[in-house]
Amino acid sequence: MNTPTQLAETNTPEQRPIKRHHTPRYYAQRVKDSLTTRVSKLICAVFLGLLFIVGIIMFILWLSLRPHRPRFFIHHFSILGLGLDNGYKNPEIVFNVTARNSNLNIGIYYDSMVGSVYYKNQKIGSTPLLDEYYEGPKTTKVLTAALSGETLNVDRHRWMEFSKERSKGAVGFRLEISSTIRFRISAWDSKRHGMHANCDVSVGRDGLVLPSSKDVRCPVYFS
């Protein structure tokens, strides 16, 4: 038989969790917090999108306005009378170089320009090429010069070195074009840069530039 205590436990109803009833103010606050979160996310997305678009525009502008160095190509170089034993008595070096401004919207000012010829890293001649000069975008300037007399220092000993190297098939020289330049973007001018173009060139037994040195782009660096 069940005891009174067991009967009481059996007849006791199951305990159910008490439901809490929130006030209208609570639900209003939750809606407000949800809207604030959504607005914050929307503002962040718009800001990041604008930042990305501005970054792309700035990158495109940087690519279009970034100045490119002038390009130099050597087309002709010759040393007259190279095959003559007494050629040193009246030596002459003639060369033809083009200066190309490949920039689309940027001009280049040259304060002046000088061409110098080196043999075994020793200067043997130098001559002015240009006075102050402005080269517009996408234009090419032809530079032609001849070194002889006082502008070319070649004695008998140096000529013998030329002849000795010539017997091997080629004589190597270096043509350096130096100037001080500045870039012009619209009405703004950059600071001045010391520019040097080094053109390694070899001539054959006839004293004329070899095909391997012709129409080759010369390295350009700033100092």
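These values consider heavy atoms only, across backbone and side chains, with no hydrogens, waters or symmetry-generated copies. Numbers here simply count residues along the sequence, with the first being 1.
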Original post:
Just wondering, more than 12 heavy atoms not from K89 lying within 6.0 Å of its NZ?
Top reply: no
**OP:** May I have the step-by-step check of side-chain contact (heavy atoms from CB on, under 4.5 Å) for L152 and I124, ending in yes or no?
**Re:** CA-CA 6 Å; L152 185 60; I124 61 174; 4.2 Å; yes
Original post:
How long is the gap from NE2 on H68 to OG on S102, to the nearest 0.5 Å?
Top reply: 6.0 Å
Subject >> Criterion side-chain contact (heavy atoms from CB on, under 4.5 Å) on I79 and V171, from CA distance to verdict >> reply: CA-CA 10 Å; I79 177 167; V171 185; over 6 Å; no
**OP:** Taking N101 for its side chain and G136 for its backbone only, find out whether a donor-acceptor pair lies under 3.5 Å.
**Re:** yes
Original post:
Which distance, rounded to the nearest 0.5 Å, do you find between the NE2 of H196 and the CD1 of I177?
Top reply: 12.0 Å
Original post:
Do P137 and L104 have side chains that get closer than 4.5 Å, going by heavy atoms?
Top reply: no
**OP:** Check whether I185 and I181 end up in the same hydrophobic cluster, where Ile, Leu, Val, Met, Phe, Trp and Tyr are linked by side-chain heavy atoms less than 4.5 Å apart.
**Re:** yes
Subject >> Gap between atom OG of S178 and atom CE of M195 - 0.5 Å precision >> reply: 7.0 Å
Original post:
Are F173 and Y88 connected, step by step, through hydrophobic side chains (Ile, Leu, Val, Met, Phe, Trp, Tyr) whose heavy atoms are closer than 4.5 Å?
Top reply: yes
Original post:
Are the side chains of V117 and L175 in touch, meaning some heavy atoms are under 4.5 Å apart?
Top reply: yes
**OP:** Assess whether atom CG of D85 is packed by more than 12 heavy atoms of other residues, nucleotides or ligands within 6.0 Å.
**Re:** no
**OP:** Taking the side chain as every heavy atom from C-beta outward, state whether V203 and R166 have any pair of such atoms under 4.5 Å apart.
**Re:** no
**OP:** Answer yes or no: does atom CZ of R156 have more than 12 heavy-atom neighbours from other residues, nucleotides or ligands under 6.0 Å?
**Re:** no
Subject >> N86 CG: over 12 foreign heavy atoms closer than 6.0 Å >> reply: yes
Original post:
Crowded around F222 CZ? As in, over 12 foreign heavy atoms under 6.0 Å?
Top reply: yes
Original post:
Passes side-chain contact (heavy atoms from CB on, under 4.5 Å), V97 versus F95? Steps please.
Top reply: CA-CA 7 Å; V97 178; F95 62 84; 3.9 Å; yes
Subject >> Contact summary for P91 and V154, nearest pair of heavy atoms >> reply: CG-CB, 4.2 Å
Original post:
Between I74 and S213, is any pair of side-chain heavy atoms under 4.5 Å apart?
Top reply: no
Original post:
Rounded to the nearest 0.5 Å, what separation is found between the OG1 atom of T140 and the CZ atom of F73?
Top reply: 9.0 Å
**OP:** Mind listing the closest non-hydrogen atom pair of V220 and A197 along with its distance?
**Re:** CG2-CB, 3.9 Å
Original post:
Does F162 have its ring centroid less than 6.0 Å away from the ring centroid of Y119?
Top reply: yes
Original post:
Hey, what do you get for CD1 (I108) to CZ (R100), rounding to the nearest 0.5 Å?
Top reply: 10.5 Å
**OP:** Heavy atoms only: give me the nearest E165-G172 pair and the separation to one decimal.
**Re:** OE2-N, 3.2 Å
**OP:** Check whether any side-chain heavy atom of Y110 sits under 4.5 Å from a side-chain heavy atom of P70, and report yes or no.
**Re:** yes
Original post:
What is the minimum heavy-atom distance between S163 and L82, and which atoms define it?
Top reply: OG-O, 4.3 Å
Original post:
Do S190 and R182 have side-chain N/O donor and acceptor atoms under 3.5 Å apart?
Top reply: no
Subject >> Heavy-atom pair with the smallest gap, counting every atom of N103 and I106 >> reply: CB-O, 3.5 Å
**OP:** Would you indicate whether D215, at its atom CG, is surrounded by more than 12 heavy atoms from other residues, nucleotides or ligands within a distance under 6.0 Å?
**Re:** yes
Original post:
Tell me, do K164 and M160 make a side-chain contact under 4.5 Å, heavy atoms counted?
Top reply: no
Original post:
Salt bridge or not for E161 and R158, using N-O below 4.0 Å?
Top reply: yes
Subject >> Donor-acceptor under 3.5 Å (N96 side chain, H75 main chain) >> reply: no
Original post:
Can you hop from V209 to V94 via hydrophobic side chains spaced under 4.5 Å?
Top reply: no
Original post:
Do you know the tightest heavy-atom contact between G107 and Y134?
Top reply: CA-OH, 3.5 Å
Original post:
In Å and rounded to the nearest 0.5 Å, what is the NE2 to OG distance from H193 to S223?
Top reply: 10.5 Å
Subject >> CA sep, side-chain torsions, deciding dist, call: L143, F72, side-chain contact (heavy atoms from CB on, under 4.5 Å) >> reply: CA-CA 10 Å; L143 307 171; F72 291 85; 4.1 Å; yes
Subject >> Side chain proximity check, F77 to I93, heavy atoms < 4.5 angstrom >> reply: yes
**OP:** Determine, for Y109 and R184, whether the Lys NZ or Arg CZ falls below 6.0 Å from the six-membered ring centre while staying within 45 degrees of the axis.
**Re:** no
